[in-house]
Amino acid sequence: MSKKEKLVKAITSRDEDFSQWYTDIVTQAELSSYSSVRGCMIVRPYATALWELIRDDLDRRFKETGHENVIMPLFIPESLLQKEKDHVDGFAPEVAWVTHGGDEKLSERLCVRPTSEVLFCDHYSEIIESWRDLPKLYNQWVSVVRWEKSTRPFLRTREFFWQEGHTAHATAEEAIKETKDILELYADFFEETLAIPVIKGVKTESEKFAGAETTYTVESMMYDGKALQSGTSHYFGDGFAKVFDIQYTDQENQLRYVHQSSWGVSSRSIGGIIMVHGDDDGLVLPPAVAPIQIAIIPVAQHKEGVLKKAAELYDLLKENYRVKLDDSDRMPGWKFSEYEMKGVPLRLEIGPRDIENNSCVLVTRDNREKIIVPLEELEERIPGILKEYRQRLYDKAKAHRASHSYTAGSSEEFFDLLENKPGFVKGSWCGSANCEAEVKERTGATARCITNDKVTDNDVCMICNEAATSHVIWGKAY
RNA sequence: CGAGGUGUAGCGCAGUUGGUAGCGCGCUUGCUUUGGGAGCAAGAUGCCGCAGGUUCGAGUCCUGUCACCUCGACCA
């Protein structure tokens, strides 16, 4: 079989039809299934394992930085949701309502949480009294519901899984520091753990979270050049505190409002992993979150000693890695394709020839390079091989982003790039919502984030030609 | 929620002017195979999305409805 020929015919080529490719991966790699509830997905065991690893990594980071997990109710009374105007305006159109308990109509309808700011605020108003109670660094791992019109597995579903951190601080400075620290935490998580390069920045007024003063974001670029908002961290100032009356007494016996932040990363990140790293043979998973890191495939397993040796290697490696020994009666070639489809970083082949040479064959998922390793070197070689593998994923994604990123020097160039080149376009902006809306109308692209690049006197708005106040990354988004 | 498309076996599909259900893959069992999705043989699997209607007779025609897909609008 030629190298160029697609090994797995079941997957549509990425370049031919990207969204069909995405759907194929999701079903073929057994990540999710459609459920009987429209817009909600079944997260299958493989994707659940992936999500658990993502969760564990983030959770460890949160706990290392002093955060505590809590669990808030699934429901929000309508009156509570109504309290903060911007917030309710932002979410009301897409909330699901519970109106009955059994046969009885509820005196007040309950919404299924689309996010939990108001629940945390309500709770904080009761438990915070003194400066000694601060800061409160809470997080929860839950699912939320937003009644989306059109849905796609992992990227947009009516119920999705996430963590939402909600913190309360004595001062604005402290809350802003928290907001930014979390942004850094998220960036590091995406880059190190998921090998996905991100751009950090601030959302524009029209793109920021409903009720926030400032929204920070990490944005990543998918293979098709579209952006995925991968994590957000919001600074609330004391806006919610004033509405929900969250006050504490400071060291001078003065009543003060707390300053708050909230931040979240969702199961959407799974969609990001698929669309950044995946290829025409299936998923490609970063080692840190791969449910199976090494797949051991015995070759000619009916021959004496093969399964025994494979089992020995399994026992050796399972101490430090998530290993799967596939001794099913499938053909070896079938197994190769199967674990490539599932994005397993490393395949270990062991057959009679290897046993004779006291070695085995390691194959890395991304480039399919075959490395023959003497068995006595196996344990010491694997960490380096996985490290280089992760680095290749990251470098490849970064190079792809670089080759699909542009800086517009003029208005014509700006609109031409956005209309004709998939990817990110950096362009200076005057700060007006009208100009932003015009870009969206003409090109479908939105302001992904404001960078902290310096603005000079020569920089003008790409839309209206007035003096620019910031540099913005523009792009079409999921 | 707008425009278009598709619903027939687990999956992908065929099914002619209306005449009573088929192919490929997968699944089960057995034998032979095993270094890139094996071969042969024997099996199993259907309220033709759902509800009405026309007809002696409907997968096929009509009406309604639901679901899914693609593209817009809205959004993590």
Side-chain angles (χ1 to χ4, degrees), chain A residues 1-3 5-12 17-20 22-24 27-28 33-39 41 90-95 114-115 143-164 186 203 206-210 215 217-220 227-234 262-272 281-282 297-303 306-307 326-341 347-357 360-361 363 368 370 372 440-441 444 446 476-478:
Chain A
M1 186 178 291
S2 79
K3 275 204 168 164
E5 193 178 343
K6 228 156 35 93
L7 294 176
V8 180
K9 304 289 190 288
I11 301 184
T12 307
D17 183 344
F18 191 73
S19 38
Q20 188 59 50
Y22 180 83
T23 308
D24 288 348
T27 50
Q28 298 293 321
S33 282
Y34 294 99
S35 73
S36 54
V37 184
R38 187 160 124 83
M41 62 177 170
F91 285 102
E94 53 179 4
V95 295
T115 179
S143 68
V144 291
V145 169
R146 298 180 190 176
W147 216 251
E148 301 288 351
K149 305 273 195 315
S150 71
T151 60
R152 307 197 64 192
F154 300 111
L155 295 176
R156 179 162 304 106
T157 46
R158 286 185 171 170
E159 179 187 16
F160 61 90
F161 307 88
W162 75 351
Q163 57 72 212
E164 44 179 324
Y186 282 163
K203 285 289 183 189
S206 64
E207 295 281 332
K208 77 179 190 188
F209 182 82
T215 291
T217 178
V218 284
E219 300 281 327
S220 49
L228 190 73
Q229 179 175 307
S230 299
T232 47
S233 182
H234 317 287
S262 88
W263 26 274
V265 159
S266 75
S267 45
R268 173 180 254 196
S269 54
I270 293 174
D281 297 318
I297 313 293
V299 176
Q301 64 187 37
H302 60 288
K303 296 209 171 138
V306 174
L307 278 180
D326 190 343
D327 56 1
S328 70
D329 62 0
R330 299 277 194 192
M331 303 291 292
W334 190 94
K335 294 176 188 176
F336 296 167
S337 298
E338 176 70 7
Y339 294 101
E340 278 167 12
M341 174 74 79
R347 173 172 86 232
L348 189 159
E349 298 173 22
I350 181 85
R353 227 154 57 202
D354 306 302
I355 293 171
E356 202 173 305
N357 299 329
C360 67
V361 179
V363 184
R368 277 221 199 72
K370 293 200 173 194
I372 295 171
K440 192 170 182 182
E441 190 154 322
T446 50
K476 298 190 176 92
Y478 275 98

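Reckoned from all heavy atoms, side chains included, excluding hydrogens, waters and symmetry mates. Per chain, numbering begins at 1; letters A, B, ... match sequence-line order.
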Show the nearest heavy-atom pair for residues [X] and [Y], with the distance to one decimal.
X: A227(A); Y: E219(A); result: CB-OE1, 3.9 Å
X: K370(A); Y: R347(A); result: CE-NH2, 4.5 Å
X: L155(A); Y: G271(A); result: CD2-CA, 3.9 Å

Roughly how many Å apart are [M] and [N], using the [atom1] atom of each and rounding to a whole number?
N: C27(B); M: A44(B); atom1: C1'; answer: 8 Å
N: G26(B); M: C40(B); atom1: P; answer: 11 Å
N: G39(B); M: A3(B); atom1: P; answer: 48 Å
N: G22(B); M: G46(B); atom1: C1'; answer: 11 Å

Report which part of the nucleic acid [X] touches: base, sugar-phosphate, or nothing (heavy-atom distance under 4.0 Å, all strands).
X: G351(A); result: base
X: T232(A); result: nothing
X: G39(A); result: sugar-phosphate
X: E349(A); result: base
X: D354(A); result: base
X: T157(A); result: base
X: P298(A); result: nothing
X: V144(A); result: nothing

Q. Does R268(A) make a cation-pi contact with F160(A) (under 6.0 Å, within 45 degrees of the axis)?
A. no
Given atom [atom1] of [X] and atom [atom2] of [N], what is their separation to the nearest angstrom?
X: W162(A); N: C75(B); atom1: CH2; atom2: C1'; result: 12 Å
X: R347(A); N: G36(B); atom1: CZ; atom2: P; result: 9 Å
X: L155(A); N: C69(B); atom1: CG; atom2: C1'; result: 15 Å
X: F209(A); N: A76(B); atom1: CZ; atom2: C1'; result: 10 Å

Check every atom of [options] against the side chain of [X] and return the nucleotide holding the closest atom.
X: M331(A); options: G36(B), G35(B), A76(B); value: G35(B)
X: P332(A); options: G35(B), A76(B), U70(B); value: G35(B)
X: E148(A); options: C74(B), U70(B), G35(B); value: C74(B)

Need the pair for [N]. Rule: Watson-Crick or G-U wobble, both distances under 3.5 Å, any strand; none if unpaired.
N: C40(B); value: G30(B)
N: A3(B); value: U70(B)
N: G57(B); value: none
N: U63(B); value: A51(B)
N: G46(B); value: none
N: C13(B); value: G22(B)

Q) Does the pair Q229(A) and T217(A) meet the rule for a side-chain hydrogen bond (donor to acceptor under 3.5 Å, both in side chains), with working shown? A) CA-CA 7 Å; Q229(A) 179 175 307; T217(A) 178; 4.5 Å; no
Q. Between H302(A) and U33(B), do the rings stack, that is, sit under 5.5 Å apart with planes less than 30° off each other?
A.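 So no, this residue does not stack on that base, at least one cut-off failing.
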Q: Report yes or no: is the ring centroid of F160(A) under 5.5 Å from the six-membered base ring centroid of A76(B), with the two planes under 30 degrees?
A: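 It does: the ring sits over the base of A76(B).
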Is [X] close enough to [N] that one of its side-chain N or O atoms is under 4.0 Å from OP1 or OP2 there?
X: R330(A); N: G36(B); answer: no
X: S19(A); N: C71(B); answer: yes
X: K440(A); N: C74(B); answer: yes

Q.
Under a 3.5 Å distance rule, please check whether E349(A) uses its side chain to pair with a backbone N or O of V299(A) as donor and acceptor.
A. no
